[in-house]
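Chain identifiers are assigned alphabetically (A, B, ...) following the order of the sequence lines, protein sequences preceding nucleic acid strands; residue numbering begins at 1 within each chain. What you see below is based on every heavy atom in this structure, not just the backbone, and it leaves out hydrogens, waters and symmetry mates.
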Amino acid sequence: MDEKYFPEKIEEKWQQVWADSGGFEVEPDKSKPEFYCLEMLPYPSGFLHMGHVRNYSIGDALSWYKRLQGCNVIHPMGWDSFGQPAEQAAIKRNIHPREWTEENIAHMRAQFKRMGFSFDWRREVAAHTPEYYKWDQWFFLKMLERGLIYRKNSPVNWCPKEETVLSNEQSSGGVCWRCGATVEKRDLEQWFIRTTDYAQALLDDMQEIERGWPERVLTMQRNWIGKSSGAFIDFPIKDTDERVRVFTTRVDTIYGANAIVVAAEHPLLAKLMAGSVLKDQVEQFAARVKANRAVSVKQPGEEEAKEGVNTGLFAINPFSGEQIPVWVGNYVLMEYGTGAVMSVPAHDERDFEFAQKYSLPIRRVIARVTHEQEQFRHDPEMGADHSRTMPHAFTDYGVLINSGNWSGKLSDAAMREMAEYAQAHGFGEPAVTYRLRDWGISRQRFWGAPIPVIYCAACGIVPVPEKDLPVVLPERAEFTGTGQSPLANVAEFVNTTCPKCNEPARRETDTMDTFVDSSWYFFRYCDPRNQSAPFDKDVVAYWTPVDQYIGGIEHAVMHLLYTRFWTKMMRDIGLIKFNEPVMKLLTQGMVTNVIAGTGEWKAMSKSAGNGVDPDEMIGIYGADAVRLFIMFAAPPENELRWQETGIEGAVRFLRRVYNTVYRWRESLPDVPRDATTETFSDAARRLRRKTHQTIARITDDFEQLHFNTSIAALMELLNELGDSGLAPESASASDAFAVREALEALVLMLTPFTPHIAEEMWTGLGHTNGVLGSGARWPAADEELARKEELEIPVQINGKLRARITAAPDTPEETLRAAALADERVRSYTDGREIVKVIVVPNRLVNVVVR
RNA sequence: GCCGAUGUGGCCCAACUUGGUAGAGGCGUUCGCCUUAAAAGCGAAAAGUUGAGAGUUCGAAUCUCUCCGUCGGCACCA
């Protein structure tokens, strides 16, 4: 141990020691408790940014903590290495995406190593390697076999800037999740995974992870799945054999329906409008709505004005027998429910707005529940128009009025009974719909896993036989950046023979969404080189599910929903036995920095010009200090404001710890370890108390992932050691014992945050081979030693602090009461007044209530 | 608009789970020591109506309600 703290020297040294010893390399071991610590794998953009550093510092701290507790910790890392930017780079620089990707990976891996993260690098996987994407393709075939994948022509979300398809999740809010361009609709033949089959399971199984996941992530997923219970009701179309099926959550309001409104894309339109004089008008309107939808720039908060056109058709309300007009409306979505709604303006805001615009009648059929329900029974106003008396829609539940025999029932009962009635009479049924759509995975891209199917003129769509996997990406392709997959122009890729009939055939040229790769990568980490299966079931059963997952909130819906789906699918094909992949989730906050000149804090980014390069920081302060600051500056879920002065504070602390260890290093190793029977000086006793209190506190903090307070506690312990007045020159054996105990605890508990300096100091304290090499364990708190010898008990008079008394811990209630009442200051408040009662909280306070 | 978080010294934050002395830690500020001087280092100090109001309670930063501010998600989903 040098006299001075040289971060660079220490860090290089221990990184080498760890690499040589393979100390972070683990294998299944039934004799130890297992812990899977997982951080979201990065996209290999080329450079580590502070967000990465934060993410992996958190995971590394937890890994070290569990390791020191004797767990068998798997802590792997890999690369989400398929995706757009590699292809953009290929276009721009005329190199193969693989070349660009692998250069980036090499650079970032080196950066990771420089940070000193404790990964088991033997388990590294990269999505773009055939060894990995072979299994993406294998899963595709498995799902195809089970009918979980299908192909359909459908309007898809199209990013005009990147010229590719986006999933619903990727085009949330009408903009591309990556580049922000306004998303358009296009009709394309696409492959879809039936995620909707699992909609209910995705909701139900949330109860298994409720305790370990942030509420807001679960809420976001619940909103996204968007379950809604109601009923389907069929409205016959007058003078035809057709029926229009609507979905409603408020069948109790059906007597108030003044129209049926269908989506512009509704299939019945073409069928029923033939021969109508209004045909052209309706068609023009529908075309206009569709066109508008394709290009409309929808700002958040902005709603399109409701528009519609009357088709001239009439639908018959199956409950009332009433004839109501059928309209086409721009506000009805074909993708949701049945693409048709019953319009009940009195009780739905959208329908109200629509009715106002076109002067349609408004009939009130729900009344607020009052104590005088009787009067509604007679339906005095049946058939009346309430458009003048209702200034806005009444959307609450209530009691039915103007609803024939159903009048007088409460909404709740009516909704249930009316749906059942519809079912019994063959014109409807109770129904549940979801907002969640099937997952469109086709991408018109080169840099992704090729979809393993072949199109044969004779045999149709033929899956690539398992033995022919992987379907490998070609070495050469032309990257033009136009809408078609570059694979389509690679003859040697496209042209093949049909596996069934051996005739010439063509390969699918679309590749898979990269979220496929990241849906199951952490299972592959468990058995990364398996050549005969995505992974060995037994090995995966040992390591998974993931105990703790750490990553950004931006993946709350997309990645985390897909991976939950994937897990259930793998369970159903027999690979695993549980429902949920991740027991605990931590979503770390952004790293922000001031935008020069504005005083505004924004997420670090190239475009905002407020990025801070981790390499540069390591160069100045060392990896340990960067990591310590990042863990200390804020709780992990919070935004972290980057402050150079903060990191200087971190270095200062490390230097002080280092200097302290250095100063004591020669006075400690020879002190006997069984000195506990000796008598300790007051200073030594105080220090020991602080040491054990700190151990207890930090252990607790770690379990709750409160790293910032752990570090604060370590700083306190060092301060206490400084304040103790103990010095190596004058310390007795028992003093030295207490100091060694404090320093050893301090160093060990610092290891998760600043492993390099901790290793160095641990050897300085006389342990050969360092923390990892010597098999050191997390210190254990001795409750007895942590207990205070004397407590200061506040005494309140009528709830106001008036005096303090001292007492030993666990002083009986009666004694405390007497001591408080005997106190001179207390008596000045109680003399001459009536003591109503005395509240004594043992070890905490006494409150005297006087009148 | 709906849903959910959150609001504590100048700043980042602790105490909120379990009501009991408002302050642990860091940054910044001021002062002292050290120094020819400065930096570093060491030592010390100042600073809050806990967003506002009400309720519950002997006692509220903590529990409940209302309002305000900030952040996030969703938003024609029938």
**Item:** Of the listed nucleotides B:C76, B:A24, B:C27, the one nearest the side chain of A:Lys306
**Value:** B:C76

**Message:** Side chain of A:Thr249, heavy atoms from C-beta onward: which of B:G20, B:G73, B:A78 has the nearest atom to it?
**Reply:** B:A78

**Request:** Tell me, please, which residues at least two apart from A:Arg211 pass side-chain contact (heavy atoms from CB on, under 4.5 Å).
**Result:** none

**Separation of the C1' atoms in B:G4 and B:A40, to the nearest angstrom** = 48 Å

**Asked** For the residue pair A:Phe702 and A:Phe753, is the inter-centroid distance of their aromatic rings smaller than 6.0 Å?
**Response** yes

**Prompt:** Considering heavy-atom distances to RNA chain B, does A:Asn223 or A:Gly337 have its closest nucleotide positioned more toward the 5' end?
**Reply:** A:Asn223

**Message:** Could you report the tightest heavy-atom contact between A:Phe427 and A:Arg243, atom names first, then the distance?
**Reply:** CA-NH1, 4.1 Å

**Item:** Interatomic distance, A:Lys602 NZ vs B:C71 P [rounded to whole Å]
**Value:** 11 Å

**Complete:** In 5'-to-3' order, the base (B), backbone-only (S) or no-contact (-) status of each nucleotide in nucleotides 8-16 of chain B, using a 4.0 angstrom heavy-atom cut-off, is ----SSS--

**Request:** Kindly give the heavy-atom pair with the smallest separation between A:Ala819 and A:Ile805, and that separation in Å.
**Result:** CB-CD1, 4.0 Å

**salt bridge (charged side-chain N to carboxylate O under 4.0 Å, His left out) contacts in which one or both residues fall within residues 246-262 of chain A, not counting sequence neighbours** = A:Arg250-A:Asp252

**Request:** Write down the distance between NZ (A:Lys837) and P (B:U57), rounded to a whole number of angstrom.
**Result:** 10 Å

**Request:** Please state how far atom CG in A:Leu218 lies from atom P in B:C3, giving the value in whole angstrom units.
**Result:** 19 Å

**Complete:** Residues in residues 650-663 of chain A with a heavy atom under 4.0 Å of RNA chain B, by number, are A:Arg652, A:Arg656

**Request:** Quick one: label A:Gly226 by what it contacts on the DNA or RNA (base, sugar-phosphate, nothing), any heavy atom closer than 4.0 Å.
**Result:** nothing

**Request:** Take the protein atom CG of A:Asp701 and the nucleotide atom C1' of B:A24, then report the distance between them rounded to whole Å.
**Result:** 11 Å

**Asked** With rounding to whole Å, what would you report as the distance between B:U8 and B:C74 at their P atoms?
**Response** 27 Å

**Request:** Could you give the distance separating B:A61 and B:U17 at their P atoms, to the nearest angstrom?
**Result:** 13 Å

**Prompt:** Can you list the steps and then say if A:Met631 with A:Ile58 is a side-chain contact (heavy atoms from CB on, under 4.5 Å)?
**Reply:** CA-CA 7 Å; A:Met631 298 296 284; A:Ile58 294 169; 3.7 Å; yes

**Prompt:** Taking CG from A:Leu721 and P from B:C42, how many angstroms apart are they, rounded to a whole number?
**Reply:** 13 Å

**Asked** Have A:Thr592 and A:Glu639 got a donor and an acceptor in their side chains that come within less than 3.5 Å?
**Response** yes

**Asked** Nearest to the side chain of A:Thr645, which nucleotide is it out of B:G28, B:A24, B:C58?
**Response** B:G28

**Rounded P spacing from B:G73 to B:A60 in Å** = 38 Å

**Asked** In residues 843-851 of chain A, what residues come within less than 4.0 Å of RNA chain B, judged by heavy atoms?
**Response** A:Arg844, A:Leu845, A:Asn847, A:Val849

**Request:** Keeping to residues at least two apart or across chains, list the salt bridge (charged side-chain N to carboxylate O under 4.0 Å, His left out) pairs with something in residues 833-844 of chain A.
**Result:** A:Glu834-A:Arg851

**Item:** Nearest-Å distance once atom C1' is located in both B:A22 and B:A15
**Value:** 8 Å

**Message:** If the condition is side-chain contact (heavy atoms from CB on, under 4.5 Å), which residues does A:Pro812 pass it with, not counting sequence neighbours?
**Reply:** A:Thr815

**Prompt:** Atom CZ of A:Phe629 to atom C1' of B:C27: distance rounded to whole Å?
**Reply:** 9 Å

**Message:** Without decimals, in angstroms, what is the distance between A:Tyr397 OH and B:A78 C1'?
**Reply:** 12 Å

**Message:** Can you tell me if A:Glu783 has over 12 outside heavy atoms packed within less than 6.0 Å of its CD?
**Reply:** no

**Item:** Identified side-chain contact (heavy atoms from CB on, under 4.5 Å) partner of A:Leu714 from the options A:Leu750, A:Val657, A:Val747
**Value:** A:Leu750

**Item:** Pair of N/O donor and acceptor under 3.5 Å linking B:G20 base with A:Gln796 side chain
**Value:** yes

**Message:** Could you tell me how far B:U64 sits from B:C16 if I compare only their P atoms? Round to whole Å.
**Reply:** 15 Å

**Complete:** Comparing A:Arg216 with A:Val841, nearest RNA chain B nucleotide closer to 5' gives the residue A:Val841

**Asked** For RNA chain B, what is the dot-bracket line, given that a base pair needs Watson-Crick (N1 to N3, plus N6-O4 or O6-N4) or G-U wobble (N1-O2 and O6-N3) geometry with both distances under 3.5 Å, and | means paired with another strand?
**Response** (((((((..((((......[..).))).(((((.......))))).....(((((..]....))))))))))))....

**Item:** Spacing of the P atoms in B:G69 and B:C27 (rounded, Å)
**Value:** 36 Å

**Prompt:** Any luck finding a side-chain donor-acceptor pair between A:Thr433 and A:Tyr336 under 3.5 Å?
**Reply:** yes

**Prompt:** For A:Arg435 and B:A75, is the shortest distance between a side-chain N/O and OP1 or OP2 below 4.0 Å?
**Reply:** yes

**Request:** Could you check how far CE of A:Met415 sits from C1' of B:A78, rounded to whole Å?
**Result:** 13 Å

Could you list all N or O pairs between the protein and nucleotides 44-50 of chain B that sit under 3.5 Å apart?
none

**Asked** Are A:Arg364 and A:Phe394 in a cation-pi contact, defined as NZ or CZ under 6.0 Å from the six-membered ring centre and within 45° of the axis?
**Response** yes

**Message:** Of the options B:G20, B:A78, B:G4, whose atoms approach the side-chain atoms of A:Val341 most closely?
**Reply:** B:A78

**Asked** Which residues satisfy the side-chain contact (heavy atoms from CB on, under 4.5 Å) test with A:Ala650, sequence neighbours excluded?
**Response** A:Leu628, A:Phe629

**Message:** Of the listed nucleotides (B:C76, B:G25, B:C58), which one gets closest to any side-chain atom of A:Asn719?
**Reply:** B:G25

**Message:** Could you check whether any side-chain N or O of A:Asn610 sits under 3.5 Å from a backbone N or O of A:Asn593, counting only pairs where one atom can act as donor and the other as acceptor?
**Reply:** yes

**Asked** Distance between the P atoms of B:A44 and B:A24, in whole angstroms?
**Response** 13 Å

**Message:** Taking side-chain contact (heavy atoms from CB on, under 4.5 Å) as the definition, give me every residue that meets it alongside A:Asp723, ordered by chain and number, with sequence neighbours left out.
**Reply:** none

**Request:** Hey, could you give me each pair passing side-chain hydrogen bond (donor to acceptor under 3.5 Å, both in side chains) that has a residue in residues 651-662 of chain A? Not counting sequence neighbours.
**Result:** A:Arg656-A:Asn719, A:Tyr662-A:Arg665

**Request:** Kindly say whether A:Arg437 contributes a backbone atom to a donor-acceptor pair with the side chain of A:Thr195 at under 3.5 angstrom?
**Result:** yes

**Verdict with reasoning, A:Ile260 to A:Met342, per side-chain contact (heavy atoms from CB on, under 4.5 Å)** = CA-CA 5 Å; A:Ile260 293 297; A:Met342 62 181 202; 4.0 Å; yes

